[in-house]
2 protein chains.
Amino acid sequence: MELAEAKQKFIEAWGKLGSEWGINRTMAQVHALLLISAEALTTEEIMETLSISRGNANMTLRDLINWGLIEKQHRAGERKEYFYAEKDTWNIARQVAKERRKRELDPVLKILDELSKVEGDATNPEFITFNKSVTDINKLAKNVDKTLDTMLKAEENWFWGSIFKIFK
Amino acid sequence: MELAEAKQKFIEAWGKLGSEWGINRTMAQVHALLLISAEALTTEEIMETLSISRGNANMTLRDLINWGLIEKQHRAGERKEYFYAEKDTWNIARQVAKERRKRELDPVLKILDELSKVEGDATNPEFITFNKSVTDINKLAKNVDKTLDTMLKAEENWFWGSIFKIFK
DNA sequence: TTAAACTTTCAAAATTTATTGAAAGTTTAT
DNA sequence: ATAAACTTTCAATAAATTTTGAAAGTTTAA
């Protein structure tokens, strides 16, 4: 397989995976493109490579910066902005976990905590079932939350090393 | 808060979380409704409670069955089908992990393996960067895959116990 | 200043995804 | 065999999300 074709496939695969997990396909594709680029790229180059509009490129790049996955670079004597992706996979994974936790897990945890406190008739099967489900899910979500917290603070080797030591 | 209001909030929260993670909002809501129902429900009751059409209810219920999250129940002397959700949170988590791995992670792993094998000019920075990114992501994805595998086989207590023993 | 180079915005358009509902299909009881 | 009770299908429609592109905004150099 040619490098160009392989790059293409990677961008497609990353875009598909992203969209299946609730991340805008274009955002995932721009990220993929920057990930496999040795050099920082301009908006112009990104637009051209992925055949997207200027507006789309601009918004997507801003989002990626907000996610902490890419950064702007400036070059002496040039007005154009260049974009460069963090290349360390572990940092990418941590950054994504961090953002999604903040945006999506935390709000749900807050609601689950509230709902866990709802009181009701302890002889009503409808109440019992509601209470048990909510309480159980809340516990699981808290476990996930704690594990993410550990992951965010951890070094890659330590994290996976620990997991494999246990899981053999 | 009233039980009815709490149920409503739970269904909304579960639906929102689902849609943020690439799961159809209605599917997540139907699942939520069944999760907190003491009794199995009919299509009719689900349609009414969530204000969705018969077709939508039918397709969504079929999907949930395919995901292994709910099952059909039959009652003696009745023609109607009743739907009942698996209530064990750990089993739900495992089931979701299992399905998503099969549907979304495995195909990407396959592509990453292919792309890891692409050969090229070892002095070309573009090739070096491509190769390193793909190889690193492939390693991470394989770690995730192995961890999911362990989780699928594990008992809840053992799994979280092991994680906490390590993470303190 | 001015104007060229570049970036940002956002309403409208396109695309993708989800939903409807009526018709077709199936099962069961008589 | 018939019909009532119930389920499934899917083309059409609606809703949600994404993308466009041109205008407005900003920065820099002279």
Side-chain angles (χ1 to χ4, degrees), chain A residues 11-34 40-67 70-84 100 103-104, chain B residues 11-12 14-34 40-67 69-84 100 103-104:
Chain A
I11 290 169
E12 272 170 35
W14 209 235
K16 182 147 178 282
L17 186 65
S19 71
E20 286 166 342
W21 286 83
I23 285 160
N24 181 309
R25 173 186 258 90
T26 301
M27 180 166 153
Q29 288 185 337
V30 171
H31 183 231
L33 172 61
L34 290 172
L41 303 180
T42 62
T43 301
E44 210 74 34
E45 290 169 318
I46 293 164
M47 287 166 57
E48 207 167 303
T49 309
L50 301 178
S51 307
I52 61 174
S53 70
R54 185 173 300 283
N56 195 3
N58 183 270
M59 285 179 140
T60 298
L61 288 165
R62 190 213 280 139
D63 286 347
L64 282 169
I65 289 170
N66 288 337
W67 276 70
I70 68 172
E71 56 185 30
K72 281 187 189 177
Q73 275 185 357
H74 290 279
R75 294 190 182 177
E78 287 206 56
R79 299 244 339 241
K80 267 180 290 202
E81 294 176 331
Y82 287 77
F83 298 92
Y84 187 79
R100 300 206 76 161
R103 292 166 199 230
E104 295 143 16
Chain B
I11 291 169
E12 272 171 33
W14 208 234
K16 182 147 178 280
L17 186 66
S19 71
E20 286 167 342
W21 285 84
I23 285 161
N24 181 307
R25 172 185 261 91
T26 300
M27 178 165 154
Q29 288 184 337
V30 171
H31 183 230
L33 172 61
L34 289 173
L41 304 179
T42 61
T43 302
E44 210 76 33
E45 290 168 317
I46 292 165
M47 285 166 59
E48 206 167 302
T49 309
L50 301 178
S51 305
I52 61 175
S53 71
R54 185 172 302 282
N56 195 4
N58 183 271
M59 283 179 141
T60 298
L61 289 165
R62 190 213 280 139
D63 285 348
L64 282 168
I65 289 171
N66 288 338
W67 276 70
L69 295 174
I70 69 172
E71 57 185 30
K72 281 187 188 175
Q73 274 185 359
H74 290 279
R75 293 189 182 177
E78 287 205 58
R79 300 252 329 247
K80 266 181 287 201
E81 295 177 330
Y82 288 78
F83 298 91
Y84 187 79
R100 299 206 76 161
R103 292 167 201 231
E104 295 143 17

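Small disclaimer: the values here were computed from a predicted structure and weren't measured. Each chain gets a letter, A, B and so on, in the order the sequences are listed, and its residues count up from 1.
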Just verifying a value: how many Å separate M27(A) CE and N66(A) CG, rounded to the nearest 0.5 Å?
8.5 Å

For nucleotides 26-29 of chain D, print each protein N/O atom paired with a nucleotide N/O atom at under 3.5 Å, atom names and distance only.
{"unit_1": "dT27(D)", "atom_1": "O2", "unit_2": "R79(A)", "atom_2": "NH2", "d": "2.7"}

Is there a side-chain contact between V30(B) and L41(B) (heavy atoms, below 4.5 Å)?
no

For E81(A) and dG25(D), what is the distance between atoms CD and C1' respectively, to the nearest whole Å?
14 Å

Rounding to a whole Å, what distance do you find between E78(B):CD and dC6(D):P?
8 Å

Looking only at side-chain N and O atoms, does N58(B) come under 4.0 Å of OP1 or OP2 in dT8(D)?
yes

K80(B) has an atom NZ; how far is it from atom C1' of dT8(D), in whole Å?
18 Å

Spacing of NE2 belonging to H74(A) relative to NZ belonging to K80(A), to within rounding of 0.5 Å
13.5 Å

Round to the nearest Å and state the distance from F83(B) atom CZ to dC6(D) atom P.
13 Å

Could you tell me how far apart I65(B) (CD1) and dT7(D) (P) are, to the nearest whole angstrom?
11 Å

Can you confirm whether I46(A) sits close enough to L33(A) that some side-chain heavy atom of one is under 4.5 Å from a side-chain heavy atom of the other?
yes

Specify the separation, in whole Å, of atom CE of M47(B) and atom P of dT19(C).
14 Å

Examine distances only and state if a side-chain atom of E48(A) and a backbone atom of E45(A) form a donor-acceptor pair shorter than 3.5 Å.
no

Quick one, T43(B) and E81(B) - any side-chain contact, counting heavy atoms below 4.5 Å?
no

Rounded to the nearest angstrom, tell me the gap between atom OH in Y82(B) and atom C1' in dA5(D).
13 Å

How about L50(B) and I11(B): do any of their side-chain heavy atoms sit closer than 4.5 Å?
yes

Any side-chain heavy atom of E71(B) sitting closer than 4.5 Å to one from F83(B)?
no

Might you list the N or O atoms of the protein lying below 3.5 Å from N or O atoms in nucleotides 15-22 of chain D, with each pair's distance?
{"unit_1": "dT19(D)", "atom_1": "OP1", "unit_2": "T26(A)", "atom_2": "OG1", "d": "2.3"}
{"unit_1": "dT19(D)", "atom_1": "OP2", "unit_2": "N24(A)", "atom_2": "OD1", "d": "3.4"}
{"unit_1": "dT19(D)", "atom_1": "OP2", "unit_2": "N24(A)", "atom_2": "ND2", "d": "3.4"}
{"unit_1": "dT19(D)", "atom_1": "OP2", "unit_2": "T26(A)", "atom_2": "OG1", "d": "3.1"}
{"unit_1": "dT19(D)", "atom_1": "O5'", "unit_2": "N56(A)", "atom_2": "ND2", "d": "3.4"}
{"unit_1": "dT20(D)", "atom_1": "OP2", "unit_2": "S53(A)", "atom_2": "N", "d": "2.7"}
{"unit_1": "dT20(D)", "atom_1": "OP2", "unit_2": "S53(A)", "atom_2": "OG", "d": "3.0"}
{"unit_1": "dT20(D)", "atom_1": "OP2", "unit_2": "N56(A)", "atom_2": "ND2", "d": "3.3"}

For atom CD1 of I46(A) and atom P of dC6(C), their distance in whole Å
15 Å

Indicate the ring-plane relationship of W14(A) and H31(A), choosing parallel, tilted or perpendicular according to the 30° and 60° boundaries.
tilted

